[in-house]
Amino acid sequence: MSVLKTSMRNFFAHKGRMALSAVAVLLSVAFVSGTLVFTDTMNTTFDKLFAVTASDVTVSPTNADPSDETPDTGRPESLPASLVEKVRKAEGVKDAQGSVASLAVTVVDARDKNVGPTSGAPTIAVNWSPYELRSVELAAGHEPRGPTDVVVDRDTADKHGLKLGDKLRTIAATGDFTTTISGIVDFKVTNPGATVVYFETAAAQRGLLGKEGLFTQVMVDAEPGVTDDALKANVAAALGDGYDLKTAAEAADAGREDVAGFLDVMKYAMLGFAGIAFLVGIFLIVNTFSMLVAQRTREIGLMRAIGSSRKQVNRSVLIEALLLGVVGSVAGVAAGVGLAIGLMELMSSMGMELSTDDLTVKWTTPAVGLALGVLVTVLAAYVPARRAGKVSPMAALRDAGTPADGKAGRVRGAIGLLLTGAGAAALWTATRAAEAGPGSLWLGLGVVLSLLGFVVVGPLLAGGVVRALGVVVLRVFGPVGRMAERNALRNPRRTGATGAALMIGLALVACLSVVGSSMVASATEELDRSVGADFIVQNATGQPVVPQAQAAVEKVPGLDHVTEYKWVDATITDPKGGTFKHGLAATDPTYPQDLRRETVAGRLTDAWGPGAMSVGSDYATEHGVKVGDTLTVAFAHGETVRLKVVAITSDKSNVDKGAMYTALSTAAKALPADRMPQSALLLASARDGQDAQAYQAVKDALAPYPQYKVSNQADYKEDLKDQVGQLLNIVYGLLALAIVVAVLGVVNTLALSVVERTREIGLMRAIGLSRRQLRRMIRLESVVIALFGALLGLGLGMGWGTAAQKLLALEGLGVLEIPWPTILTVFVGSAFVGLFAALVPAFRAGRMNVLNAIASE
């Protein structure tokens, strides 16, 4: 009990000193808890949606789900309407309704503005039926009663200022059709951001499927007492083979799988950054307890002198850490719920609607948050606690502090150099790898070992690096600058640990900056070398080009040619009998002009001849295929033909890597007209001297089709740069959490250092040091510690980034580009970080009473 009392007394006596460490724990736990609450809430939202929208049994065509076997014709796979009556007659069926639904649509308003979501959620066009009333209710107007009526959801109407009587044009593969808004519906559950439009059934069949008498699904409800599994068996017996049947639970599981990839990527990415914040927080906690133990050396010595054992002293420090972990973790769990709500608001502003009514806090979330926070805090305090337990009773006779262990420092330095050398060797091995897979393993090992090495060897590096920085940064401030340098060098272990916390975040920033800049530079160089087309027309979300938009482009005056690019699924059998599911790029003969592909054998232009095709070099090597061989190509939903390999293209390029080419006419002969895919994109070239006019003319022609973007080569490069830049900005934003924790570490180190040097500060003030000079000294000390961490982090990160780029070169991204403006900006910014971190400690030091400071122990 005396140990607990002592721990409680010390904890509350130093609560101000513990506050910043508690904030570090709070931030880290909040990020973990917030991520778990956010993803659990999204799962709850989708689960409720799937539960409401799923019927007891759903009947679909066997190939209705998007897959490699389903051609992208823009028309959903369908069922005959007669099937509905057949299902209704099955045993145990209470009711069956035909449903028409398509995601391959774009809906625009009277000004040709897309009213679909920008968050990546789909635009869904469906027929109105009693079944829809399970998930929505009419809030205004009436249901669609004829071919010119459409009903929209409230969220879409509010976002785009739509009201009853407004015109909407729906763009589908079957053509465009215009309707008038006759009603607005509210969802009974949260709609995660999709735009939904409802048509009268016959109008939906004609507009989305091309003719009446077809449905995409049949929704089946069971009689009371009939289970979903029994109903599924009964319907399957009535229909026979050739249909895909799912119970409500199976349909919900399939829906979850569709969104699981997105949710998992978000969840594990955010948890990864939370882990980085925890790692940085460990340095802060270690530093805090190390300094507290050092400052309480005499106190601990007295405790040992009056009978406290090593275990009791050790336990006393660990209990303080436990209290810190509990307080920080409890606050972190509460802050995590707030963070999750903030993320939901952010996602709502981006178009993905999430309601706080669905806020889900499972018991595992606070349990995980508390366990992580407490465990990390106690483990981080273990080494300082052991150091406290080793304080001897004789320490009560010394003024303060513990003598440095020179042998331990030498051992630490040797271990750090060994780890750093091993990390450098692993990184070098990664740069020499012949394949990306094994090279990635060496890269990961090199990153971990070099990071650990720099952390361990940090105190050894602090002396030389701080002295070098002092010559450049501090000496210009005269005696104050020299005192700041000596203060930073006074405890190299502390300076090394404080700088290491900042080093981790900045190393990742530098690494990603190098990788991002190299990717953009490599892709730009490859585009310059490979792309011959003046313009590219495509959909940002991957939807194909509808025929009416393609016809509008082909009519543009000033174009030399327009090249269609269609992706046709097939199963390919090589001469040895090996099969390979792949796709052929079926294009116009002008394609080699629009994309210059290097060939390793044969002539690529011959691939557009009758009965001919090309293959990639990787496929040719793996399957032993050479020019002149004949491959058996079984087109999905089409005929099986034999095509002669007339060219082998190099797969060293990333543009169309691995593509196999054949002529559009070849694919058209093997496929029924209704199974021919739409163009994935269009490539166009202007006549000589008409680039600017043709560029604007193509844009004008596609103005009624806002889902497509027209890009010239400059636009394409800028888009690529923007996409990489946006991704990096998101990553930098998440890494900011680790950097904030590192800044707290600098603040805490300085604050505790000021307390430790109270008497020294009083003496300096007594002999003439002004408050202004004192504050400047502390600020300069903070700046040099921050620059020390930045220098190590940026150097380490550039090394990681360079090694990573060498692996990317194996995938065709061969240009290394160091973003020096970014690196220099981050380095200079670190000095301002140091200044900011020193504001409060410097202010408190300046306000010290001189006589009280001199009299302090």
Open item on the list: Are I818 and S517 packed together at the side-chain level, in the sense that at least one heavy-atom pair is separated by less than 4.5 angstrom?
Closed with: no

Task: For the student: nearest non-hydrogen atoms of R779 and A838, plus distance - done: CA-CB, 3.7 Å

Task: All side chain to side chain donor-acceptor pair (under 3.5 Å) counterparts of D715, not counting sequence neighbours - done: Y695

- [ ] Looking only at non-hydrogen atoms, find the nearest pair between A335 and L26 and report the distance.
- [x] CB-CD2, 4.1 Å

Open item on the list: If I compare all heavy atoms of V32 with all of F278, which pair ends up nearest, and what's the gap?
Closed with: CG2-CE1, 3.7 Å

Task: Over 12 non-hydrogen atoms of neighbours within 6.0 angstrom of CZ in F836 - done: no

Task: Close side-chain approach of V25 and S329, heavy atoms under 4.5 Å - done: yes

TODO: Apply side chain to side chain donor-acceptor pair (under 3.5 Å) to K657 and list each qualifying residue two or more places apart in sequence or on a separate chain.
DONE: E811

Task: Set of side chain to side chain contact (heavy atoms under 4.5 Å, CB included) partners for A831, sequence neighbours left out - done: V783, L787

Task: Member of K721, Q723, K717 meeting the side-chain contact (heavy atoms from CB on, under 4.5 Å) criterion with V520 - done: K721

Task: Main-chain N/O of R475 paired to R482 side chain as donor or acceptor, under 3.5 Å - done: no

Task: Side chain proximity check, L512 to L735, heavy atoms < 4.5 angstrom - done: yes

Task: Closest contact, heavy atoms only, A381 versus I285 - done: N-CG2, 4.4 Å

Open item on the list: Checking Y716 now: which residues fulfil side chain to side chain donor-acceptor pair (under 3.5 Å) with it, not counting sequence neighbours?
Closed with: none

Task: Closest contact, heavy atoms only, V333 versus G369 - done: CG2-CA, 4.3 Å

Task: Where A462 and P492 come nearest, the two heavy atoms and their spacing - done: CB-O, 4.2 Å

- [ ] Using side chain to side chain contact (heavy atoms under 4.5 Å, CB included) as the criterion, list what pairs up with D656, not counting sequence neighbours.
- [x] Y565, Y591, L595, R597, A659, Y661

- [ ] Please list, chain by chain and in numerical order, all residues satisfying side chain to side chain contact (heavy atoms under 4.5 Å, CB included) with I415, sequence neighbours excluded.
- [x] V411, L419, V456

